[in-house]
Amino acid sequence: MNNADDPSEIVPAPDRRANKPIGIHETSTNKTAFFQKIIKPKIGSNTITLALPNEITLAISVATKALQQAQKIKVDLERLSEFTESIYDRNVGLAYDYLESIQVATIFAYKAVESFCNAVIPDTYTYKKTTSRSTEHYSKEQIERWISTSEKVASILPPILKCSPPQSENFWSDFKSLERLRNEIIHSKSSNTDAILEELFAEHVYRYIQSAMALLEHFISIDPSNPIFPLGFGMSMVRVLNVEKAEDILGKIGG
């Protein structure tokens, strides 16, 4: 984008859950076109063409809606708590609805960061991890399977994106708590289920969930034009490839 105030340079984005388009400018005709990767799911007896959604912003959207729903239910629960010390009978469903929503928000906020890490790490990347006993090497597939998300964002992403690590940022301790809470929910243990369910009603859980967005902003603000980064984080810019004839590059994409 040469001029952010020029409306002719605004790229249509009907939904921020979509991926950034691929821009191609044909110099021989002075025309620019934008392309999206598609999928073709079958719905009933029909097949539709659909622009591939971005996993990061799709997860953020799920988490945001679930968090808003949980906060709305929490207001009703707070009102109810003023009149009774025990919630049961028909009112207990309200508390269970809250627990459903807050768990969804927790899991998908964390998933958004996981998806971001997996998108940013190159397929050919090797992570060298030195311990007191040995030096271990991890391929991308092994990183996705064996390295925690907090270690990915602290030790792997900064060198790749050439930026400062996030450990000194205000949101870091909240993100670590989000990771802990998410792991407790996914890998439920009978010994601490009660404590986790009680913690989910605490106000600080909202801050944990919102830390995922703050962490993503920390990295995405570095380069708004990075084609890997999702839409929906302030101003996003689309890189345009200049070619003499569009058919040359389109043949490669299609092939």
Side-chain angles (χ1 to χ4, degrees), residues 17-20 37 39 41 52-64 66-67 102-169 171-193 196 199-200 205 208-220 222-223 226-233:
R17 292 170 292 183
N19 283 301
K20 281 186 180 179
K37 187 175 181 180
I39 56 175
L52 186 69
N54 184 281
E55 281 194 67
I56 304 162
T57 41
L58 203 62
I60 289 171
S61 179
V62 173
T64 300
L67 179 59
I102 202 68
Q103 288 187 75
V104 168
T106 300
I107 291 167
F108 276 87
Y110 187 80
K111 174 180 166 58
V113 178
E114 282 186 306
S115 298
F116 180 77
C117 292
N118 295 339
V120 169
I121 298 172
D123 292 339
T124 57
Y125 182 82
T126 300
Y127 176 43
K128 185 170 70 173
K129 183 176 180 179
T130 302
T131 66
S132 58
R133 296 182 177 181
S134 64
T135 298
E136 301 170 341
H137 294 80
Y138 295 83
S139 65
K140 178 173 180 175
E141 183 180 353
Q142 291 170 324
I143 291 170
E144 292 177 351
R145 176 171 293 190
W146 302 114
I147 303 300
S148 70
T149 297
S150 60
E151 185 173 349
K152 292 175 192 175
V153 298
S155 302
I156 297 178
L157 295 196
I160 292 175
L161 297 175
K162 296 178 173 59
C163 67
S164 61
Q167 292 94 312
S168 60
E169 300 295 329
F171 59 75
W172 182 249
S173 62
D174 287 334
F175 178 72
K176 289 289 290 182
S177 295
L178 173 69
E179 184 173 60
R180 171 188 60 79
L181 199 58
R182 175 265 183 193
N183 290 341
E184 295 283 5
I185 293 170
I186 295 295
H187 308 291
S188 180
K189 300 180 181 67
S190 59
S191 59
N192 62 353
T193 297
I196 294 302
E199 184 179 2
L200 288 171
V205 172
Y208 295 169
I209 294 169
Q210 291 161 345
S211 72
M213 180 69 78
L215 188 148
L216 291 171
E217 288 176 345
H218 171 80
F219 290 111
I220 293 172
I222 298 164
D223 181 9
N226 190 317
I228 296 173
F229 294 172
L231 300 169
F233 288 81

Problem set entry | side-chain contact (heavy atoms from CB on, under 4.5 Å) between N226 and I220, worked out | CA-CA 8 Å; N226 190 317; I220 293 172; over 6 Å; no
For this session: Mind checking the CD1-CG spacing from I56 to L216? Nearest 0.5 Å is all I need.
Result: 7.0 Å
For this session: Look up atom CD in E151 and atom OH in Y138, then write down how far apart they are to the nearest 0.5 Å.
Result: 7.5 Å
Problem set entry | Pairing residues for A66 by the side-chain contact (heavy atoms from CB on, under 4.5 Å) criterion, not counting sequence neighbours | V104, A105
For this session: Only counting residues at least two apart or in another chain, list the ones meeting side chain to side chain donor-acceptor pair (under 3.5 Å) with E199.
Result: R180, H204
Exercise. With sequence neighbours excluded, what pairs up with N192 under the side chain to side chain donor-acceptor pair (under 3.5 Å) test?
Worked result: E184
Problem set entry | Separation between OH of Y208 and CG of L181, rounded to the nearest 0.5 Å | 7.5 Å
Exercise. So, T57 side chain and I60 main chain: donor-acceptor pair closer than 3.5 Å or not?
Worked result: no
Exercise. Which pair of heavy atoms, one from K152 and one from I143, lies closest together, and at what distance?
Worked result: CE-O, 3.4 Å
Donor-acceptor pairs under 3.5 angstrom involving side-chain atoms of residues 107-122: please list them, not counting sequence neighbours.
from: Y110; atom 1: OH; to: T149; atom 2: OG1; distance (Å): 3.2
from: Y110; atom 1: OH; to: E179; atom 2: OE2; distance (Å): 2.7
from: S115; atom 1: OG; to: K111; atom 2: O; distance (Å): 3.0
from: N118; atom 1: ND2; to: E114; atom 2: O; distance (Å): 3.4

Problem set entry | salt bridge (Lys or Arg N to Asp or Glu O under 4.0 Å) pairs, two or more places apart, involving residues 131-144 | D123-K140
Exercise. When you measure from the side chain of N19 to the backbone N and O of L52, does any donor-acceptor pair fall under 3.5 Å?
Worked result: yes
For this session: Working to the nearest 0.5 Å, report the span between NZ of K20 and CG of L231.
Result: 6.5 Å
Seminar exercise, completed: Taken in chain and number order and not counting sequence neighbours, the residues that satisfy side-chain contact (heavy atoms from CB on, under 4.5 Å) with T126 are H137
Problem set entry | For S173, all residues meeting side-chain contact (heavy atoms from CB on, under 4.5 Å), sequence neighbours excluded | none
Exercise. What are the two closest heavy atoms between S150 and V153, and how far apart are they?
Worked result: O-CG2, 3.3 Å
Donor-acceptor list for residues 161-169 side chains, cut-off 3.5 Å, not counting sequence neighbours:
none

Problem set entry | Separation between CG of L200 and CD1 of I196, rounded to the nearest 0.5 Å | 7.0 Å
Seminar exercise, completed: Between the OG atom in S134 and the NZ atom in K129, the distance rounded to the nearest 0.5 Å is 10.0 Å
Problem set entry | T130: side-chain contact (heavy atoms from CB on, under 4.5 Å) partners, not counting sequence neighbours | T135
Exercise. Can you list the residues that meet the side chain to side chain donor-acceptor pair (under 3.5 Å) rule with K37, with sequence neighbours excluded?
Worked result: none
Exercise. In chain order, what residues pass the side chain to side chain donor-acceptor pair (under 3.5 Å) check against Q142, with sequence neighbours excluded?
Worked result: S139
